[in-house]
Amino acid sequence: MFYLLVQKKGEAVKLIFSKLYNEYGPQGWWPLINYSGLNTAKTGAIKEYHPLNYDLPKTRDEIYEIILGTILTQNTSWTSAKKALLNLNSLNAINPEKLLSLKDKTIKEAIRCAGFLNQKTKYIKAVTHFYISLEDIIPTRNELLNINGIGNETADSILLYAYKQPEFVVDTYTKRIFLYNGIINENDNYNRIKYLFESNLDPEFYIYNEYHALIVEHAKRYYSTKPYGEKDPLLQNINIGF
DNA sequence: AACCAGGACGTGA
DNA sequence: TCACGTCATGGT
C-alpha cells in the first residue's frame with residue numbers, strides 16, 4: 001500500500017524531469033560572469049549561462065564566485081544577486097583574498113542591491129575564511145552546514161554547482177511544484193524531499209544540476225503568482241492515479 | 001499596496 | 001524537532 005504510493009511518487013519524479021527537460025532543454029547552470037575559456041567577454045559583459053558545458057567552474061575564483069552567488073541569492077531574485085556580483089567584480093573582489101581585504105562598509109554597499117546586506121556580509125566573510133582554509137579540498141556537507149549563513153539549500157547548491165557533487169537542491173519552488181502536484185506533503189522536511197529525488201534519479205551531478213534549474217525555470221513561469229500552479233500547462237493532472 | 005524573490009538564524013515551545 | 005519573527009532591497 002505505502003510501497004505503491006512511494007513507487008508512484010518515484011515515477012512522477014522521473015516523469016517530471018523528462019517533461020521539463022523536453023520542454024526547456026539544458027539550462028546551463030550555475031551562471032558565471034566572465035567565465036574561463038570560450039570567447040572574450042569584456043569587463044561588465046555577461047555570458048552567464050552555459051548550456052551543456054558541465055566543465056565549469058574551472059578556476060579557484062570561479063568556484064568562489066558560485067559560492068558568493070549562493071549566498072547573495074538567498075531569498076532574493078537572481079537579477080539582484082547578479083548586480084551585487086557585478087559590483088564585487090568591479091572591485092576585483094571575486095577572489096577570496098581580495099574580498100577579505102575590503103572594509104565591511106565597502107562590501108555592504110556593493111551587495112546592498114541584493115538585500116540583507118548586514119548578515120550577508122557576515123556570511124560571505126565566514127564562508128570566505130573557510131574557503132581559503134580548504135586549499136582545493138572538496139568540503140563536506142556538514143562542514144558547510146557549520147558555517148554561519150549556510151543552511152541546507154545553500155550547502156547543496158555549493159556542493160552541486162561549485163563542486164559537481166550529486167547533492168539534490170531543494171528550494172521553495174521545488175516544494176511548491178511538488179506539493180501542488182500531490183507528490184510531497186506540507187510537513188515533509190528538507191531532507192525528506194531531498195531523499196525523494198536522490199532515491200529516484202541516477203546520482204549524477206549533471207542530472208541534479210539540470211533538474212533543479214528546470215524546476216526554477218518552470219516555477220518562475222507558473223508558480224510565482226497565486227494561485228500557484230493553476231495555469232501550469234505541463235504538469236497539470238500529473239498526479240492522476242495516486 | 002501587498003506580495004514575491006533560486007533562505008538562514010535565533011528563539012521559545 | 002518545529003513554528004515564528006527577523007533580516008533589506010528591488011520588481012511587479
Side-chain angles (χ1 to χ4, degrees), chain A residues 20 24 26-33 46 48-51 57 65-88 104-105 107-128 130 141-162 167-180 184-195 197 205 208-232:
Chain A
L20 293 176
Y24 302 118
Q27 297 298 295
W29 278 38
W30 185 281
L32 285 168
I33 60 178
I46 300 174
E48 199 164 4
Y49 297 96
H50 43 86
E65 177 183 330
I66 292 176
I67 293 172
L68 289 178
T70 62
I71 290 173
L72 288 170
T73 197
Q74 285 173 356
N75 203 40
T76 303
S77 71
W78 178 251
T79 304
S80 296
K82 182 172 64 181
K83 288 176 185 171
L85 278 176
L86 289 172
N87 291 339
L88 290 174
D104 279 15
K105 192 165 65 176
I107 301 174
K108 288 181 183 179
E109 289 315 306
I111 71 170
R112 171 181 294 280
C113 55
F116 306 105
L117 65 162
N118 295 307
Q119 51 182 15
K120 282 182 179 174
T121 295
K122 290 182 194 168
Y123 296 171
I124 284 171
K125 291 178 69 175
V127 76
T128 301
F130 174 76
R141 194 165 189 274
N142 280 329
E143 284 175 333
L144 291 171
L145 290 174
N146 283 332
I147 300 169
N148 189 14
I150 298 185
N152 282 313
E153 186 189 337
T154 304
D156 287 332
S157 294
I158 290 172
L159 289 169
L160 178 60
Y161 290 108
E167 300 283 349
F168 200 88
V169 176
V170 178
D171 67 347
T172 54
Y173 287 144
T174 311
K175 295 171 189 167
R176 234 178 249 174
I177 290 180
F178 286 80
L179 181 61
Y180 176 80
I184 62 173
N185 302 111
E186 286 277 7
N187 56 342
D188 287 344
N189 63 27
Y190 185 95
N191 285 310
R192 187 172 182 81
I193 300 170
K194 176 180 167 73
Y195 179 75
F197 287 89
F205 80 91
Y208 293 5
N209 175 325
E210 295 291 0
Y211 205 161
H212 173 65
L214 287 163
I215 285 169
V216 173
E217 175 61 30
H218 189 62
K220 279 179 175 172
R221 298 174 183 236
Y222 305 112
Y223 292 80
S224 287
T225 55
K226 291 181 179 177
Y228 299 140
E230 196 172 73
K231 297 181 180 176
D232 182 350

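Just so we're on the same page: letters track the sequence lines, and every chain starts at 1.
With its ring centre under 5.5 Å from that of the base six-membered ring and a plane angle below 30°, A:Trp29 counts as stacked on B:dG6.
Across the P atoms, B:dA8 and C:dG10 are found 22 Å apart, a figure rounded to whole Å. Rounded to whole Å, the separation between the P atoms of C:dG5 and B:dG6 comes to 24 Å.
Contact between the side-chain N/O atoms of A:Thr76 and the OP1/OP2 oxygens of C:dT9 is not found at any separation under 4.0 Å. Put simply, A:Arg192 has no side-chain N or O that comes within less than 4.0 Å of OP1 or OP2 on C:dC2. Dashed line: the shortest gap from a side-chain N or O of A:Asn118 to OP1 or OP2 of C:dA8 is under 4.0 Å.
Summary of the strand contacts: A:Thr154 and A:Thr225 both lie near DNA chain B, and taking for each the nucleotide with the nearest heavy atom, the more 5' one is attributed to A:Thr225. Each of A:Arg176 and A:Gly149 lies near DNA chain B, and the nucleotide nearest A:Arg176 is the one positioned closer to the 5' end. Nearer the 5' end of DNA chain C, as judged by each residue's closest nucleotide, is the contact made by A:Asn187, out of A:Lys120 and A:Asn187. For the pair A:Leu117 and A:Lys83, both in contact range of DNA chain C, the more 5′-proximal nearest nucleotide belongs to A:Leu117.
Between A:Ile67 and A:Thr128 the shortest side-chain heavy-atom distance does not fall below 4.5 Å.
The distance between atom CG of A:Leu159 and atom P of B:dG6, rounded to the nearest whole Å, is 21 Å. Look at CZ on A:Arg141: it is 14 Å from C1' on B:dA8, rounded to the nearest Å. C:dA8 atom P lies 8 Å from atom NZ of A:Lys108, rounded to whole Å. Atom P of nucleotide C:dT9 and atom CD of A:Gln119 are separated by 12 Å, given to the nearest angstrom. The distance between atom CG of A:Leu68 and atom P of B:dG6, rounded to the nearest whole Å, is 18 Å. Nucleotide B:dA8 holds its P atom 12 Å from the CG atom of A:Leu144, rounded to whole Å. For the pair A:Tyr123 OH and C:dT6 C1', the computed distance is 10 Å after rounding to whole Å. Between the CG atom of A:Asn146 and the P atom of B:dC9 there is a distance of 10 Å, given to the nearest Å.
Between A:Trp29 and A:Tyr161, the ring planes lie tilted relative to each other; the angle falls in the 30° to 60° range.
Looking at heavy-atom distances under 4.0 Å, A:Glu153 makes contact with sugar-phosphate atoms alone, never a base. Nucleic acid contact class of A:Tyr173 (heavy atoms, under 4.0 Å, all strands): sugar-phosphate only. Among the protein residues, A:Gly115 comes within range of the nucleic acid bases, having at least one heavy atom under 4.0 Å from a base atom. Contact annotation for A:Thr172: backbone-only contact, meaning every heavy-atom pair under 4.0 Å involves sugar-phosphate atoms and none involves a base. Looking at heavy-atom distances under 4.0 Å, A:Ile215 makes no contact with the nucleic acid at all. Heavy atoms of A:Ile147 sit under 4.0 angstrom from primed sugar atoms or phosphate atoms, though from no base atom. A:Tyr228 comes within 4.0 angstrom of sugar-phosphate atoms only, judged by non-hydrogen atoms across all strands, and of no base.
Distance from the side chain of A:Pro31 is smallest to B:dG6 among B:dA8, C:dG10, B:dG6. Of the candidate nucleotides C:dC2, C:dA8, B:dG6, B:dG6 has the atom nearest to the side chain of A:Val216. Residue A:Asn148 places its side chain closer to B:dC9 than to any other of B:dC9, B:dG7, B:dG6.
Scanning atom types as modelled, one donor and one acceptor separated by under 3.5 angstrom connect the side chain of A:Tyr49 and the base of B:dG6.
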message: As a quick check of understanding, evaluate ring pair (Phe, Tyr, Trp, His ring centres under 6.0 Å) for A:Tyr211 and A:Phe168, giving each step before the final call.
response: CA-CA 9 Å; A:Tyr211 205 161; A:Phe168 200 88; 5.6 Å; yes
task: Walk me through it: do A:Tyr190 and A:Asp156 pass the test side chain to side chain donor-acceptor pair (under 3.5 Å)?
output: CA-CA 11 Å; A:Tyr190 185 95; A:Asp156 287 332; 2.6 Å; yes
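Atom NZ of A:Lys231 has 12 or fewer neighbouring heavy atoms from other residues, nucleotides or ligands inside a 6.0 Å radius.
Of the residues A:Lys122, A:Lys125, A:Lys120, the one that meets the salt bridge (Lys or Arg N to Asp or Glu O under 4.0 Å) test with A:Asp104 is A:Lys125.
Between A:Phe178 and A:Phe197, the distance separating the two ring centers is shorter than 6.0 angstrom.
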